[in-house]
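Heads up: the structure comes next, in structure tokens.
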Amino acid sequence: MSKTRAGIVAALDVGSTKVCCFIARADSSGIRVTGIGHQMSKGVRSGTIVDMDAAEISIRNAVHAAEQMSGETIEKVMVGVSCGNPASRTVAVEVSIDGYEIGDDEVSRALRQGYQSAGASERDLLHMIPVGFTLDGARVSDPRGMYGDRLGASLHVITANGSAVRNLATCVERCHLEVEGFVVSPYASGLATLVPDELDLGATVVDMGGGTTSLAVFYGGEAIHIDIIPLGGGHVTSDIARGLSTPLAAAERIKTLYGNAMPLPSDNREFVDVPQIGETEHTQAHHVPKSVLVGIIQPRLEEIFELVRSRLEASGFDRFAGRRLVLTGGASQLPGAADVAARVLDKQIRLSRPTRLAAIAEATGGPAFATCAGLLTHMVTKPPAPQRRLPVSAKNGHGLAGRFGTWLRENF
Ligand SMILES: Nc1ncnc2c1ncn2[C@@H]1O[C@H](COP(=O)(O)OP(=O)(O)OP(=O)(O)O)[C@@H](O)[C@H]1O
Ligand SMILES: [Mg+2]
């Protein structure tokens with residue numbers, strides 16, 4: 001039902017460990033990335049801005065690098081959101097049609113009612129995704145052109161805490177960029193990494209980043225549930241630093257070079273050099289068997305995946321996702337992570353990276369860039385959402401009705 005968009009598009013993912021910006025050219029043949037910039041992120045904790053000035057510098061640098069590479073100057077960006085405790089719920093609405101033929105107006109009426117019943121609250125509305133229609137109680141994929149008495153719509157509503165989102169928007173605006181819209185991070189990661197069959201038949205995507213692990217359940221081509229857990233690879237690193245009394249930078253290096261979440265038979269024979277906190281490089285490093293490292297990493301990953309499992313089970317959407325789970329995000333590169341996920345979640349795990357973008361360099365096409373790549377996919381393939389109470393829109397003077405109207409026009 002949606003149209004695709006062409007031209008220059010830009011996306012910004014303000015992650016807990018890195019900020020990245022992709023600039024791309026979209027046309028009928030697909031999305032071609034022309035510029036990429038990424039920077040270590042400062043002033044961001046578990047996806048939330050905690051230091052405006054530091055975050056602003058990271059964003060500026062990432063955007064500048066992407067602009068230099070692509071040779072384009074961007075004015076607007078689509079921004080990924082994992083702050084403000086994003087939450088999902090499903091809203092069901094029904095409007096009476098009185099036997100007339102259903103057209104755009106009737107569908108708009110149902111969606112507008114959903115928008116109103118999405119609730120006036122202190123939370124910002126990030127997405128309102130139509131996930132299904134019914135006509136006199138029977139499921140239909142597109143009700144237009146049909147006759148009936150009652151048109152029902154099922155809408156997936158995603159909201160987040162308004163102030164956290166506003167801080168993110170302000171930070172982006174301070175870099176002289178307009179926020180074109182927000183997309184909740186796991187939704188974007190799913191759009192970038194799931195193959196069409198997974199999107200349709202049902203699958204869960206889990207994006208394990210530095211400070212958060214976010215998940216989205218897709219079914220029937222759309223996201224039907226999302227959740228974000230404030231734990232990620234950074235917690236594994238600090239466990240290693242604490243457990244081995246080593247500086248954080250050394251713990252990060254040890255994790256990426258020798259870390260494993262599953263034990264190997266050789267672990268008691270192989271040793272890792274661990275510099276100790278406060279000691280100079282001249283003093284002798286400690287030798288620690290790899291089994292000790294596994295003993296630190298494995299329980300943390302188990303804890304994270306157990307949280308994923310319990311949140312999924314509690315949501316009730318687990319059954320739609322079936323047994324397929326796609327694991328992505330920087331921290332999914334830890335050897336053995338997929339095995340721990342398979343055991344704890346009892347699902348078939350596929351490790352994935354962004355698959356839908358052309359001309360993306362190997363080094364920046366990895367799983368850590370799933371969200372940023374998905375933001376581009378969202379911009380090009382999905383209509384702009386009628387987001388509510390965003391500072392940027394208020395500044396533009398576009399009223400809610402106008403934004404909602406555009407969305408309906410483009411969506412239906
Ligand atoms: N080769 C690797 N092996 C193990 N872990 C890795 C590897 N490369 C990156 N990581 C880990 O991935 C994490 C960063 O992932 P990512 O870049 O997806 O996070 P982010 O998007 O910045 O954060 P978030 O999504 O949580 O806000 C870090 O904890 C880092 O240690
Ligand atoms: Mg991320």
Side-chain angles (χ1 to χ4, degrees), residues 11-22 36-50 55 58-59 62 79-86 160 164 168 183-193 205-216 226-241 248-262 293-294 296-298 300-301 304 307-308 326-341 351-354 362-375:
L12 180 70
D13 173 27
V14 184
S16 313
T17 47
K18 50 109 190 50
V19 173
C20 68
C21 174
F22 282 9
I36 289 173
H38 57 103
Q39 276 284 314
M40 220 166 87
S41 96
K42 299 257 168 63
V44 184
R45 196 173 302 143
S46 287
T48 307
I49 309 268
V50 291
S58 307
I59 296 173
V79 181
V81 174
S82 41
C83 59
N85 209 1
L168 176 61
V183 177
V184 74
S185 308
Y187 184 21
S189 302
L191 292 175
T193 55
V205 62
V206 173
D207 182 324
M208 215 177 172
T212 61
T213 295
S214 58
L215 63 100
I226 63 106
D227 205 349
I228 298 186
I229 296 162
L231 289 177
H235 296 81
V236 176
T237 307
S238 40
D239 286 352
I240 296 173
L248 274 173
E252 178 71 23
R253 193 177 56 83
I254 291 168
K255 180 181 84 170
T256 26
L257 287 178
Y258 312 107
N260 202 323
M262 294 297 276
L293 199 54
V294 176
I296 296 173
I297 296 172
Q298 196 181 48
R300 182 58 101 170
L301 284 196
I304 295 175
L307 269 169
V308 169
V326 170
L327 191 59
T328 191
S332 71
Q333 296 170 97
L334 195 66
D339 300 296
V340 176
L351 285 171
S352 184
R353 48 178 58 222
E362 180 62 22
T364 44
F369 298 93
T371 304
C372 208
L375 290 172

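We count ligands from 1, going down the list as the structure has it; atoms in each ligand are counted the same way.
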Checking a contact table here: which protein heavy atom is nearest [atom], and how many Å away?
| atom | value |
| --- | --- |
| atom 25 (O) of ligand 1 | Thr212 OG1, 3.5 Å |
| atom 21 (O) of ligand 1 | Lys18 NZ, 3.0 Å |
| atom 14 (C) of ligand 1 | Thr17 OG1, 3.2 Å |
| atom 30 (C) of ligand 1 | Glu252 OE2, 3.3 Å |
| atom 8 (N) of ligand 1 | Gln333 NE2, 3.3 Å |
| atom 3 (N) of ligand 1 | Thr256 CG2, 3.5 Å |
| atom 18 (O) of ligand 1 | Gly330 N, 2.8 Å |

Distance-only donor-acceptor check, side chains Lys255 and Thr237, under 3.5 Å: yes

Asp207 versus Thr371, side-chain donor and acceptor atoms under 3.5 Å: yes

Give yes if a backbone or side-chain nitrogen or oxygen of Gly211 is under 3.5 Å from a nitrogen or oxygen of ligand 1, and no if not. yes

Polar atom proximity, Pro335 to ligand 1 (N or O, under 3.5 Å): no

With atoms numbered from 1 as shown, which atoms in ligand 1 lie under 4.0 angstrom from a non-hydrogen atom of Gly233? 29 (O)

Ligand 1 atoms nearer than 4.0 angstrom to some heavy atom of Ala331 are 11 (C), 12 (O), 13 (C), 15 (O)

May I have the step-by-step check of side-chain contact (heavy atoms from CB on, under 4.5 Å) for Ser189 and Leu191, ending in yes or no? CA-CA 6 Å; Ser189 302; Leu191 292 175; over 6 Å; no

Relative to each other, are the rings of His38 and Phe369 parallel, tilted or perpendicular (30° and 60° limits)? perpendicular

